[in-house]
Structure formats: C-alpha cells, structure tokens
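Written below as structure tokens is the structure these notes are about.
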Amino acid sequence: MAVRDGEMTVDNSGDDQIVPGISVTSSGQATVDPSLADVLFDLAIKLEKPTNLPVDVEHVLAAIVLAARKGELDSNTPLSSDDPALAEVLAAHVKTVFADYGGKVGTDD
C-alpha cells in the first residue's frame with residue numbers, strides 16, 4: 001500500500017472498508033479520509049516507545065490493515081489514539097511490518 005507524496009486520498013468506490021475512514025482496494029491501495037491524519041500521526045508517536053522502532057503514519061496504516069485482515073479490528077468502530085487496546089494490537093503488527101518487510105510499506109511510482 002502507498003501514500004503518495006504524503007497525501008492520503010479519498011475514493012472509496014468499490015473499496016473494502018477496514019475501519020471508518022480507511023478503505024483498501026482489491027489491488028492493495030489504501031485510501032484514508034483526511035480527518036484521520038491526526039489520529040494516525042498520534043498513534044505513530046505512541047507506538048514508537050512500546051515497539052522501540054521509528055514508526056510513521058504509513059507503518060500505522062499497514063498495521064491497521066494487517067490487524068483488520070486478522071479480524072482484530074471492528075470495521076464499524078472508529079479509530080482513537082486514546083485506546084490502549086488498539087495501541088497494543090497495532091504494536092504487534094508494527095513489529096511484523098519491520099520484521100517481515102524491513103519497515104518498507106510503500107512504493108514510489
């Protein structure tokens with residue numbers, strides 16, 4: 001999945017909703033509602049300490065998609081950066097992103 005030039009676009013036609021405001025296309029392209037930018041940024045900051053990794057918004061987005069695909073997130077529950085249970089679930093997936101993919105989650109076209 002990729003966030004191009006730091007911008008997250010909204011175009012949910014035919015996409016699968018991961019959580020409110022985040023959808024993924026059949027090709028794996030994530031779209032994020034701009035209203036979630038601060039939540040994703042706050043989660044990235046909060047996940048750096050428990051993971052001991054340089055977490056950014058793209059890592060958080062990848063972790064959210066992985067958690068949703070494992071059934072660990074409710075597709076109807078909005079994300080909150082103040083949810084300790086969410087942070088715990090995402091921390092495990094952020095570690096996976098770094099272990100399995102070297103922390104690389106996007107491609108530049």
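For the numbers below, each heavy atom of this structure counts, side chains included, while hydrogens, waters and symmetry mates do not.
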F41 and S81, any side-chain heavy atoms less than 4.5 Å apart
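A side-chain contact under 4.5 Å is absent here.
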
Is there a side-chain contact between L79 and L40, using heavy atoms and a 4.5 Å cut-off?
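Result yes, sub-4.5 Å side-chain heavy-atom pair found.
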
Once you round to the nearest 0.5 Å, how far does CD1 of I45 lie from CG of D56?
11.0 Å

With rounding to the nearest 0.5 angstrom, report the CD1 to NE2 distance, I64 to H59.
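If I round to the nearest 0.5 Å, the distance is 13.0 Å.
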
Applying side-chain hydrogen bond (donor to acceptor under 3.5 Å, both in side chains), can you list everything that pairs with D74, at least two apart in sequence or on another chain?
T77

Quick one: which of L73, V65, L66 gives a side-chain contact (heavy atoms from CB on, under 4.5 Å) with R69?
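Testing R69 for a side-chain contact (heavy atoms from CB on, under 4.5 Å) against L73, V65, L66 leaves exactly one candidate, V65.
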
Give a yes or no answer on whether the side chain of Q17 reaches the backbone of I22 with a donor-acceptor pair at less than 3.5 Å.
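Answer holds: no.
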
Stepwise, does the side-chain contact (heavy atoms from CB on, under 4.5 Å) test hold for L43 with L86?
CA-CA 9 Å; L43 283 167; L86 174 63; 4.3 Å; yes

Between S75 and P20, what is the shortest heavy-atom contact and its length?
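Closest pair (atom of S75, atom of P20, distance): O-CD, 3.3 Å.
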
Heavy-atom pair of closest approach, residues V57 and A44:
N-CB, 4.0 Å

What side-chain donor-acceptor pairs closer than 3.5 Å can you find for residues 88-97, not counting sequence neighbours?
from, atom 1, to, atom 2, distance (Å)
H93, NE2, E72, OE1, 2.5
T96, OG1, A92, O, 3.2

Is it the case that the side chains of S80 and D82 hold a donor-acceptor pair, with the cut-off being a distance below 3.5 Å and no angle test?
no

